Structure formats: structure tokens, C-alpha cells
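Working notes, beginning with the structure itself.
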Amino acid sequence: MYKVYLKPGKEESLKRFHPWIFSGAIAHIDGKPEEGEVVEVYTAARQFIAKGHFQIGSIAVRVLSFRQEEEINTDFWRRKLQTAKEMRRSIGLIGRTDNNTYRLVHGEGDNLPGLVIDIYARTAVMQAHSAGMHLDRMAIAEALADVMQEEVDNIYYKSETTLPYKADLFPENGFLRGGSTDNIATEYGLKFHIDWLKGQKTGFFVDQRENRALLERYARGRRVLNMFCYTGGFSVYAMRGNALSVHSVDSSAKAIDLTNKNIGLNFPGDERHTAFAEDAFKFLDRMDAQTYDLIVLDPPAFAKHRDALHNALQGYRKLNARAFEKIRPGGILFTFSCSQAVSKEQFRTAVFTAAALSGRSVRILHQLTQPADHPVNIYHPEGEYLKGLVLYVE
Ligand code: SAH
């Protein structure tokens, strides 16, 4: 196995179990590992400290184990997946009759950096975000099929857009096990078509489940506007929560189709819902003030990288300012950011600035984050990415 030697003192974060080794921390590498190979990492004093997937880029090694004797093989993946499954079972997400939609593996949060696995009814959608997870996909699929044999019949691999381009990996999306096209999954008693073939991420935004359930509690008698609706998740919950009307907006016509399908699946013929394929900013500009008393703003990550931070914060300010201007008095605003590069404080400041611009009195009712099946590894605080505020606007 290739050995990576760190510069003096660069093992400190590893001693605190941080799972990333940046390329700048490396003094030299014995030999020339291929991208995605497992390498051993040593301190400047030649002591073993970790092993993990090697990759060319700012994060050079993603740690899989801090134990030298632990081999990375099918048994390793089986143990890790079993641990992830036990956690979901112990918090009551597996084994419910009203829910078969959850995240089984959340990268660093499950000590598996670069790997995401979402479960949709009898199908697991597996996504690699690192060259190493891609190379190990077959062993992981084998372990997954074992660990989830009661729950899962199909494993779909979907990494064409999540892997580093330059690594020449040429990933192909497709089934590694099974092949059922039955794609209806249940989330807290509501049904959703999951488009793992063409949809964003693994086909659905599992991470908003608890926040959607919270919205349901506030929907009664309100006129709801769900901006950036994608599959219409928030809209479907608002319908069940007895909203007076629900309007869903997304610039993608495909998303609008999906939303209409999902509304139809749960509330066929219900005329309270209308969907609009339109740019969110344009929609907010042209709509009359006081039309809505519950607005959801769940935009895509405005900052995918740190260098886009300034523009992203401006985007959040602009978007939220329009909502504050137009929401009915006594209205409730659910506003989110899923950009990892934007901190909780920065997002708050952007929303507060927007509120101040409108001059309205605003109270924070809830501070939201990602759900328990998207856990944050305590040694990897960067894993906290979803931020939300629920605000009461006088
Ligand atoms: N709220 C959704 C997830 C939103 S994902 C859920 O709970 O599942 C972000 C969505 O924003 C995508 O569907 C994308 O098509 C849409 N989008 C991106 N830019 C947009 C814009 N300028 N106006 C409207 N929608 C936009």
C-alpha cells in the first residue's frame, strides 16, 4: 500500500479524528498512487495515523479508518453500513409503516466520506462523490445488498455528475442490483414519485423531511407559496395540512411536472393546488403583495464554492427581501440555505438585512437544520450544511 507522509505538526487535526487531509499538509508520497486507491498516512515522525482514499485535489485523502490493522474490504463496508443502519433503526426511521424514504449513509456523518446512499421504498440509490468510493462501488454494493437484504431489492448507482471530472473515471449510471422501475416511495404517509434516473441529487431532497412536517402544522387555512418546489415536497405537506391554497413555483418545467404528479398521487383532483414554471425572482416581482401568508424559499445552493460567497449572500438578501415585502401581515416565512460555504451566521445576517430593508417586525419561531439521518460527525463540523429559519412577519 502506498504511504503518504505529512509535514511536521500536520497530524493535529487527524488526532482529533477530522476525516480530511489537505494536499498542503503532505510532505511526500512514496510512489504514485492512482486516484481512488487506499493509502496509508504517516506523521513526519513515521507513525501511522490513518488510511483512506487518495485523490488529486485540495482534499488529498478522505479517511476511512484510524486503525492500521483495519482492512478496507467487503467486510469493512458491511460493518460500516450495518452501523449506519443500526443508527437509523434506533432513531425509529427504519421499520415504520408510514415511511420508507430516508438517508442510510451521509458521507462524513457516517464516517464514509464521499458516499451517499438514499433509500426509496425497495430501491437504494448510491452516489459516489470521490474517486475512491467509485472504485469501491462493487464491494460497497455487495455489502449493501447483504446488510439491507430485508429492505432493499434494487441498487441504482448514480454518480455521473458527482465525480471529479479530471479523474478519468467515466462513471455510468445504472442498476448494480435488481432493476425495478417502481419508483413510488412513502414519506410520513405521503407518496412521492422519485426520479432517480434523471432527477437532481439521488432523485429527491430527503433532507427537508422534518421541515416539511413542521410546515404541515402551520399550513391550516393559509395561502401557501412554495418557491423552488422541485418535486413539490413542501406543497404536498401543505395540502395535507389543510392549506386554503398552494402555489408551487420552479423554473424547471420537469420539476413542475413532478410536482403536479406528486400532488395528483396524494390529492387527485384537488383544485387547491396550482404550479407555475417560472423564475422565482420574476414571480415574486410580479405577484401582488399580500397574496400569500405562508411562503417557502428553498433555493438551490447559491454558493457551490467559497469564491461565490459574496454573490450568494447577495442572492439570499434579494430573495428574502422580496418575500418580506410581499407576505401578508401575520404571515410565516420558511427560508433556507443549503450552501455549505454559507455559515449559519452569514445566512442569518443576510435574512436579517432583508427583514430590516422591509421595515417589518419579524420574530424567529424556529431555527432549522438537516434531519437526524443526515448526521454531522462531531469531528467534522463542516458537515452541517442545511440552515433554515421560520419567521413570523407582522
Ligand atoms: N424545495 C425542494 C428542493 C429545491 S431544489 C424540495 O423540498 O424538494 C432547488 C430547485 O430550484 C430546483 O428544482 C431548481 O429547478 C429550482 N430553481 C433554480 N433556480 C431557480 C430560479 N431562478 N427560479 C425558480 N426555480 C429555480
Side-chain angles (χ1 to χ4, degrees), residues 205 207-219 222-235 237-238 241 243 246-251 255 278-285 287 289-304 308-371 374 384-394:
F205 284 69
D207 58 359
Q208 287 287 23
R209 180 187 56 244
E210 303 304 325
N211 302 332
R212 290 192 271 258
L214 179 67
L215 174 122
E216 181 178 352
R217 281 170 35 197
Y218 289 114
R222 291 187 187 267
R223 278 147 286 212
V224 176
L225 173 62
N226 179 14
M227 295 302 251
F228 309 94
C229 64
Y230 186 34
T231 58
F234 283 103
S235 304
Y237 279 77
V246 179
H247 289 174
S248 306
V249 178
D250 199 291
S251 55
E278 194 172 335
D279 176 78
F281 288 90
K282 288 204 180 121
F283 188 94
L284 285 167
D285 276 342
M287 80 188 205
Q290 307 206 1
T291 312
Y292 301 103
D293 43 19
L294 201 174
I295 299 180
V296 182
L297 300 175
D298 184 23
F302 282 162
K304 295 237 157 64
L309 187 62
H310 178 77
N311 286 345
L313 293 175
Q314 210 169 1
Y316 289 119
R317 270 198 302 274
K318 262 174 64 181
L319 182 66
N320 283 278
R322 281 177 170 71
F324 284 124
E325 258 168 49
K326 298 225 166 157
I327 196 166
R328 279 169 78 101
I332 293 180
L333 176 64
F334 278 66
T335 183
F336 296 96
S337 163
C338 60
S339 304
Q340 194 143 12
V342 174
S343 73
K344 210 186 316 190
E345 290 69 31
Q346 285 166 323
F347 176 61
R348 254 185 187 232
T349 307
V351 175
F352 289 7
T353 309
L357 281 173
S358 72
R360 299 180 70 169
S361 167
V362 178
R363 297 183 186 75
I364 301 178
L365 304 184
H366 301 269
Q367 302 177 48
L368 306 178
T369 183
Q370 62 220 54
H374 295 56
E384 189 179 345
Y385 69 99
L386 185 61
K387 302 155 284 284
L389 293 168
V390 182
L391 305 167
Y392 183 84
V393 188
E394 253 181 56

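All values below come from the heavy atoms of this structure, side chains included, with hydrogens, waters and symmetry mates left out. What you are looking at is a predicted structure, and each value in this text was computed from that prediction instead of being measured.
- A 4.5 Å side-chain heavy-atom check between Phe336 and Val296 finds at least one atom pair inside the cut-off.
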Starting from the C-alpha separation in whole Å, work towards a yes-or-no answer on side chain to side chain contact (heavy atoms under 4.5 Å, CB included) for Asp298 and Tyr230. CA-CA 9 Å; Asp298 184 23; Tyr230 186 34; over 6 Å; no

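- Atom CG of Leu313 sits about 9.0 Å away from atom OG1 of Thr353, to the nearest 0.5 Å.
- Checking side-chain atoms of Asp293 against main-chain N and O of Arg223 turns up a donor-acceptor pair under 3.5 Å.
- Applying side chain to side chain donor-acceptor pair (under 3.5 Å) to Tyr292 and the options Arg328, His247, Lys326 leaves one that passes, His247.
- Between Ala341 and Gln346 the shortest heavy-atom distance is O-OE1, 3.8 Å.
- Using a distance-only test at 3.5 Å, with no hydrogens or angles considered, a donor-acceptor pair links the side chain of Thr369 to the main chain of Leu386.
- The distance from atom CG of Leu284 to atom CG of Leu297, rounded to the nearest 0.5 Å, is 7.0 Å.
- Scanning both residues, Ala354 and Ala321, for their nearest heavy atoms gives CB-N, 3.4 Å.
- A donor-acceptor pair under 3.5 Å links the side-chain atoms of Arg360 to the main chain of Phe324, judged by distance alone.
- Distance alone, capped at 3.5 Å, is enough to place a donor-acceptor pair between the Ser337 side chain and the Ser339 backbone.
- Relative orientation of the Phe302 and Tyr316 rings is tilted, given thresholds of 30° and 60° on the angle between their planes.
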(message) Would Asn311 and Gln314 count as a side chain to side chain contact (heavy atoms under 4.5 Å, CB included) here? Give the steps.
(response) CA-CA 5 Å; Asn311 286 345; Gln314 210 169 1; 3.9 Å; yes

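- With contacts defined as side-chain heavy-atom distances shorter than 4.5 Å, the pair Asn211/Val390 does not qualify.
- Between the Gln370 side chain and the Tyr385 main chain, a donor and an acceptor come within less than 3.5 Å of each other.
- Looking at Glu210, its side chain never comes within 3.5 Å of a backbone N or O of Pro371 through a donor-acceptor pair.
- When atom types are taken as modelled, the side chain of Lys387 and the backbone of Val342 share a donor-acceptor pair closer than 3.5 angstrom.
- Here the CG atom belonging to Leu214 is positioned 11.5 Å from the OH atom belonging to Tyr237, to the nearest 0.5 angstrom.
- In terms of heavy-atom proximity, Pro299 sits nearest to Cys338 at O-SG, 3.8 Å.
- For the atom pair CG of Leu357 and CG of Asn320, the computed distance is 11.0 Å after rounding to the nearest 0.5 Å.
- A 4.5 Å side-chain heavy-atom check between Ser343 and Arg348 finds every atom pair outside the cut-off.
- For the atom pair Met227 CE and Leu333 CG, the distance stands at 11.0 Å (nearest 0.5 Å).
- Annotation: the span from Ile295 atom CD1 to Leu391 atom CG amounts to 11.5 Å, rounded to 0.5 Å.
- Closest non-hydrogen pair, His366 versus Tyr218, comes out as NE2-OH, 2.7 Å.
- Under a 3.5 Å cut-off, the side chain of Arg212 and the backbone N or O of Phe234 do not form any donor-acceptor pair.
- Ala280 and Val249 make their closest contact through CA-CG1, 4.5 Å (heavy atoms, listed as atom of the first residue, atom of the second, distance).
- Taking the six-membered ring for Trp and the full ring otherwise, Phe228 and Phe205 have centroids separated by 6.0 Å or more.
- The shortest non-hydrogen separation linking Ser248 to Ser235 is OG-OG, 2.6 Å.
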